[in-house]
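Note: hydrogens, waters and symmetry copies are ignored here, and every other heavy atom, side chains too, is used.
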Amino acid sequence: MKQVLFAAALLGAATAPAAAADAVIIDPVISAPVLSSYDWSGFYAGVQVGYGWANVDRLNTGGFANSFDADGFIGGIHVGANYQSGAWVFGVEGDIEYSGIDGNDAGVGGAVDTIEIDWMGSLRGRVGYAWDRLLIYGTGGLAFAGVEADADGLINDSQTHIGWTVGAGAEYAFANNWTTRLEYRYADFGDQDYTLQPVAFDANYDIKVHAVRVGLTYKF
């Protein structure tokens with residue numbers, strides 16, 4: 001009987017560490033929380049302000065040609081829509097804005113000839129790459145401008161220029177429905193003929209504009 005009790009005691013001592021090992025509880029691995037990426041898809045509308053610098057090339061019907069600069073503040077509204085696929089963002093955008101860009105040739109070649117860009121607009125595509133709430137994009141498309149030419153303050157003519165524009169920008173979503181942007185665009189509005197008789201020769205004006213804009217956008 002003593003031998004049986006002794007054997008049972010030895011068996012119990014041998015199996016105790018294994019039972020204790022089985023009783024150890026292994027803590028589950030806790031994964032770091034996954035932050036959701038910002039979704040750029042959807043319709044949006046906003047406002048922008050900026051400053052533009054224009055170069056004007058003029059050619060009179062009499063053969064005289066010269067160039068001069070113009071500049072001024074700009075501001076308006078924009079509307080558009082984005083579609084996001086992975087980190088790539090594709091969109092279309094249109095804008096229209098008031099322009100205070102003006103300048104004159106200081107009387108070089110005769111009369112003081114003045115250019116005023118009254119308004120500008122565009123219809124563009126956008127392609128960008130998003131890092132969550134930051135979007136870097138390029139843009140390009142059609143550009144339009146309403147321009148008034150004046151000869152010596154006595155006679156003027158207005159024309160609509162149609163050309164193209166290209167640029168790039170950065171946009172940041174500081175809230176779920178609000179973004180802010182900084183954008184540069186170059187616009188070549190092409191040339192148009194202006195009738196400025198009898199004060200000056202009829203003239204052809206070719207207009208190119210560099211502009212920097214900041215904007216605030218609401219995403220629906």
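Remark: side-chain polar atoms of H161 are paired, donor with acceptor, to backbone N or O of G190 under 3.5 angstrom. Between the D39 side chain and the S41 main chain, a donor and an acceptor come within less than 3.5 Å of each other. Proximity of a side-chain donor or acceptor of N177 to a complementary backbone N or O of K219 within less than 3.5 Å is detected.
Under the 4.5 Å side-chain heavy-atom criterion for grouping Ile, Leu, Val, Met, Phe, Trp and Tyr, V127 is connected to L134 within one hydrophobic cluster. Linking Ile, Leu, Val, Met, Phe, Trp and Tyr residues whenever their side-chain heavy atoms come within less than 4.5 Å leaves V147 and F73 in two separate clusters. By the criterion of side-chain heavy atoms lying less than 4.5 angstrom apart, applied directly or through intervening Ile, Leu, Val, Met, Phe, Trp or Tyr residues, F64 is not grouped with L196; the two fall into different hydrophobic clusters. With hydrophobic clusters built from ILVMFWY side chains whose heavy atoms lie under 4.5 angstrom apart, F220 does not share a cluster with V79. Hydrophobic clustering (ILVMFWY, side-chain heavy atoms < 4.5 Å, transitive): L182 and W53 are in one cluster.
Once rounded to the nearest 0.5 Å, the distance linking CG of L135 with OH of Y129 reads 11.5 Å. One finds the CG atom of D157 at 5.0 Å from the OG1 atom of T195 (value rounded to the nearest 0.5 Å). Residue I96 holds its CD1 atom at 11.5 Å from CG of L123, rounded to the nearest 0.5 Å. A distance of 8.0 Å separates CG of N104 from CG of D102, quoted to the nearest 0.5 Å.
Taking the six-membered ring where tryptophan is involved, the planes of Y38 and W40 are perpendicular, since the angle between them exceeds 60° and thus also 30°.
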### Query
Step by step, would you call T180 with V214 a side-chain contact (heavy atoms from CB on, under 4.5 Å)?
CA-CA 7 Å; T180 185; V214 293; 5.9 Å; no
### Task
Would you check, one step at a time, whether the test side-chain contact (heavy atoms from CB on, under 4.5 Å) holds for R181 with Y137?
CA-CA 10 Å; R181 65 169 66 176; Y137 64 89; 4.0 Å; yes
### Task
Applying side chain to side chain donor-acceptor pair (under 3.5 Å), run through Q84 and N82 and close with a yes or a no.
CA-CA 7 Å; Q84 185 169 357; N82 287 324; over 6 Å; no
### Message
If you apply the rule side-chain contact (heavy atoms from CB on, under 4.5 Å), what do you find for D69 with N55, and how did you get there?
### Response
CA-CA 5 Å; D69 296 327; N55 176 258; 3.5 Å; yes
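The closest side-chain heavy-atom distance from I74 to M120 is below 4.5 Å. Between E116 and D150 the shortest side-chain heavy-atom distance does not fall below 4.5 Å. Annotation: side chain of F68 is not in contact with side chain of T114 (no heavy-atom distance under 4.5 Å). Between Y98 and W119 the shortest side-chain heavy-atom distance does not fall below 4.5 Å. Contact annotation: the side chain of Y172 approaches that of R133 to within less than 4.5 Å [non-hydrogen atoms, C-beta and beyond]. Here the side chains of T139 and E93 are not in contact, with every heavy-atom distance at 4.5 Å or above.
I207 approaches I115 most closely through the heavy-atom pair CD1-CG2, 4.4 Å. Between A81 and Y44, the shortest heavy-atom contact is N-CE2, 3.5 Å. Between I101 and A54, the shortest heavy-atom distance links the atoms CG2-CB, 4.0 Å. Nearest heavy-atom pair, L59 versus A65, reported as atom, atom and distance to 0.1 Å: CD1-CB, 3.8 Å. Across every non-hydrogen atom of S122 and T165, the tightest pair is CB-CG2, 4.3 Å. Between K208 and D188, the shortest heavy-atom contact is CE-OD2, 3.6 Å.
When R124, E183, Q48 are each tested for a side chain to side chain donor-acceptor pair (under 3.5 Å) with H78, only one passes: Q48.
The existence of a salt bridge linking R185 and E97 is excluded, since no basic side-chain nitrogen approaches an acidic carboxylate oxygen closer than 4.0 Å. A salt bridge between R126 and E171 is present, with a side-chain N of the basic residue lying under 4.0 Å from a carboxylate O of the acidic one.
Remark: aromatic rings of W164 and Y186 are close, center separation under 6.0 Å.
A donor-acceptor pair shorter than 3.5 Å can be found between the side chains of Y184 and H210.
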